[in-house]
Amino acid sequence: MTITLDRHGSVAVLTIDNPPVNALKTSVRAQLYQLVEVLDADPEISAVVLRGAGKLFVGGADIGEFDRPPETPTLPDLILRVEAAVKPWVAAIHGHALGGGLEMALGCHYRVAALGAVMGLPEVNLGIIPGAGGTQRLPRLIGLEAAIPVIAERVMLDSDRALQLGLVDRIIEGPLTEGAVAFAARLSQTRPPAGTRPLSDPGPAFWEAASARVAKAAKGQSAPLAALHAVRHGVDHGCEAGLRQERETFLALKTTQESAALRYLFFAERAAPRPADLRDVTPRPIALVGVVGGGTMGSGIAAAFRNAGVPVILSEREAPALERGLATLRGLFYAAARRGHISEAEAAARMAGVTGCVGLEGLSSCDLVVEAVFEDLNVKRKVFADLGRLCRADAVLATNTSYIDPRQIALNLPAPERFIGLHFFSPAHVMKLLEVVPHPATSSEVLATAFQLARQMGKVPVRSDICEGFIGNRMLKRTRVETEALVRAGTPFAAIDAALRRFGFAMGPFEMQDMAGLDIAYMNREAARARGESVPEGPLDLLVRAGRKGIKTGGGWYDYAQGDRTPHPSEAAAAIIAPLVGAGAPLAEDQIVDRLIGALADEGRAILAEGIASSATDIDLVQIHGYGFPRTKGGPMFLTDRKAKA
Ligand code: 3HC
Ligand code: NAI
């Protein structure tokens, strides 16, 4: 049984025990439905407390059931039945009450909460809207102004705020069940129907402002506006019609590709930090991290560790560079405080957990050292030779190299089982992707440590075997080759940027190159040419040779006004690349997208076939979290797989 019934005098306590998150799967709903009938008919029972076992009340409907048609009793059926119960029901909320979990609590006649409980309707993250009354009952309980951000803008309410708003009737400071039972025992048999206050229409200006806000927070997803629409429908036509319309919208959205993609990512992101083969491996404790190099990546990596509460020692070659690195870190923490993400005191505490040192001697007591020095094999080898000598033999040593073969870097490193690639993405304290690149000698304990750290930092870790550019940059290279081929064949680069932006990327590949600087790719191309590889001259080479290296030089593919990142069409760039631009018919927008997604998926399949990535899902996670692939599309592998099955 996933529901247990205990009697505390005349109060029945129902406990939903369906680990890990007490999701309201079909059998849970069926048992609860039956129990409403049983308890209604039981003369010994005066009130009912509904609670969750473990660390939360209820995490929602069972998302794993969404690929199947709804099974009875549906959640709306169950909630209506609870609402109509002849005994008062009290939801006792601790941990989280999310989605269908909060809707279930809204169907109860009272709600009490433990301190620190969190309530929300995160359905829009899954491309759906609340489908069991959330869009109707919540506004009728706490008002439109407070409810809309929860329903359509992903806002969560803690128990204090929920009490202020009237979402919960009482906060229980001691043991929750006892407090809830005492609360329920004092209730009279008359039940106030929860959340059925009539709503008056606040007028067009209110709805316009709400639509604008919701659309802005929607990040290209369609569900948030649909959720707002459901709220408004209930205001215009009444609660019952609102519930019907909400359910229809929920069922329709559940079958969209957007929702399928977002659900796929929901499960993929939760599985990624816990690879099955490392489940039984104990990670090493990491209490102090050293970061070598305080440049772009080193400072971001140090911030990522500090944000996760780990003390950091930052090492640089000389004092001025160290000062610059520390100043960057300070800037990051205080910028977070200015934006209201953390308090000033927290910013100060994070900075206080950073110490600096010149040279590597100061890193000898670190449990992990991450190297982020120049992308130069000899420089990196020297760093690891020194670290190998200075650090404890059980200290984990990691490189953040983008392209250099980790086997070359670790050549001659004593105890190479502690060596691993940890490839962060820029800015390292923001980007979620972490490519974990084991060396052939890396121990499973060290690998497990990398995944444990990723969890601690809130990263999405993906294991990549060794190849040039690992998974992500190898695929990026393929995109570059493909876009260059399109330009040579006559499709304007600005049309490629526009097509990918409309597809959902925040910016197109050429805008991205301007932002990152064309010179890095140019130097790589020149280095390959110097090694005797055949790299035909491309438009990018011509632009860099003409001094157009991107935003930092005032222009690359596009022109830029000083201090402004808005790209403007450039006659100068057009003239420079003209000799290499073909005269063929330009591709249409959907052809451009098909071609580029097809190329990404093709490279992904090669990466899988070579065993570089463990799964197609991992490849999609790399694209989503490292390269701005739109979440609503699921990733190149997901998309092409769906297309093949359609
Ligand atoms: N259904 C099915 N499985 C779920 C689930 C759900 N609603 N929520 C979480 N899980 C699974 C996860 O996939 C994971 O499985 P795994 O261990 O096999 O990888 C496991 O539960 C634990 O999840 P987390 O790692 O996320 O656990 P945390 O303790 O970090 O977080 C949580 C718990 C805050 C509840 C978080 O899991 C969460 O946010 N869940 C989703 C909440 C949500 O979106 N609810 C709405 C669902 S849709 C709905 O209710 C429709 C309704 O309106 C009709
Ligand atoms: P950067 O040039 O901004 O910083 C490198 C820093 O290392 C400099 O501050 C330099 O003084 C310092 N340094 C050099 N030798 C040192 C030594 N022996 N001891 C201590 N400090 C030393 O370079 P960036 O961009 O931070 O790159 C660092 C590494 O990260 C490279 O391997 C790069 O390929 C990789 N990387 C870069 C990304 C990016 O977007 N910039 C993304 C992911 C990885």
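Throughout, numbering of the chain's residues begins at 1 and tracks the sequence. Start at 1 and go down the list; that is how both ligands and their atoms are numbered.
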Legend entry - Flag if over 12 foreign heavy atoms under 6.0 Å of NZ, K55: no
Inset, instruction - Would you mind listing every salt bridge (Lys or Arg N to Asp or Glu O under 4.0 Å) that reaches into residues 117-131, with sequence neighbours excluded? - result: none
Inset, instruction - Please list all pairs passing the salt bridge (Lys or Arg N to Asp or Glu O under 4.0 Å) test where one or both residues lie in residues 73-82, with sequence neighbours left out. - result: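 Non-adjacent pairs meeting salt bridge (Lys or Arg N to Asp or Glu O under 4.0 Å): E37-R81, D40-R81.
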Inspect the contact between [Y] and [X] and indicate whether a charged nitrogen and a carboxylate oxygen are less than 4.0 angstrom apart.
X    : Y    : answer
E246 : R137 : no
K552 : D519 : yes
E375 : K380 : yes

Legend entry - Short side-chain donor-acceptor distance under 3.5 Å, H233 and Q136: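 No pair is found: no donor N or O on one side chain lies under 3.5 Å from an acceptor on the other.
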Inset, instruction - Indicate whether the side chain of Y403 and that of N524 have a donor and an acceptor atom separated by less than 3.5 Å. - result: no
Legend entry - Axial cation check for F267 ring with R263, 6.0 Å and 45° limits: no
Which N/O atoms of ligand 1 sit under 3.5 Å from a protein N/O, and at what distances?
| from | atom 1 | to | atom 2 | distance (Å) |
| --- | --- | --- | --- | --- |
| ligand 1 | 1 (N) | A61 | O | 3.4 |
| ligand 1 | 1 (N) | I63 | N | 3.0 |
| ligand 1 | 7 (N) | A61 | O | 2.9 |
| ligand 1 | 26 (O) | R270 | NE | 2.6 |
| ligand 1 | 29 (O) | K55 | NZ | 2.8 |
| ligand 1 | 45 (N) | G59 | O | 3.0 |
| ligand 1 | 50 (O) | A61 | N | 2.9 |
| ligand 1 | 50 (O) | G100 | N | 2.8 |
| ligand 1 | 53 (O) | E103 | OE1 | 2.7 |
| ligand 1 | 53 (O) | E123 | OE2 | 2.5 |
| ligand 1 | 53 (O) | G131 | N | 3.0 |

Dump the pairs for me: ligand 2 N or O, protein N or O, distance under 3.5 Å, to 0.1 Å.
| from | atom 1 | to | atom 2 | distance (Å) |
| --- | --- | --- | --- | --- |
| ligand 2 | 3 (O) | T296 | N | 3.0 |
| ligand 2 | 3 (O) | T296 | OG1 | 3.2 |
| ligand 2 | 9 (O) | E316 | OE2 | 2.5 |
| ligand 2 | 11 (O) | E316 | OE1 | 2.7 |
| ligand 2 | 11 (O) | E316 | OE2 | 3.3 |
| ligand 2 | 11 (O) | R317 | NE | 3.2 |
| ligand 2 | 11 (O) | R317 | NH2 | 3.1 |
| ligand 2 | 21 (N) | E316 | OE1 | 3.4 |
| ligand 2 | 26 (O) | T296 | N | 3.3 |
| ligand 2 | 26 (O) | M297 | N | 2.7 |
| ligand 2 | 30 (O) | N400 | ND2 | 2.9 |
| ligand 2 | 32 (O) | V373 | O | 3.3 |
| ligand 2 | 32 (O) | E375 | OE1 | 2.5 |
| ligand 2 | 32 (O) | K380 | NZ | 2.6 |
| ligand 2 | 34 (O) | E375 | OE1 | 2.9 |
| ligand 2 | 34 (O) | S402 | OG | 2.8 |
| ligand 2 | 36 (N) | S402 | OG | 3.1 |

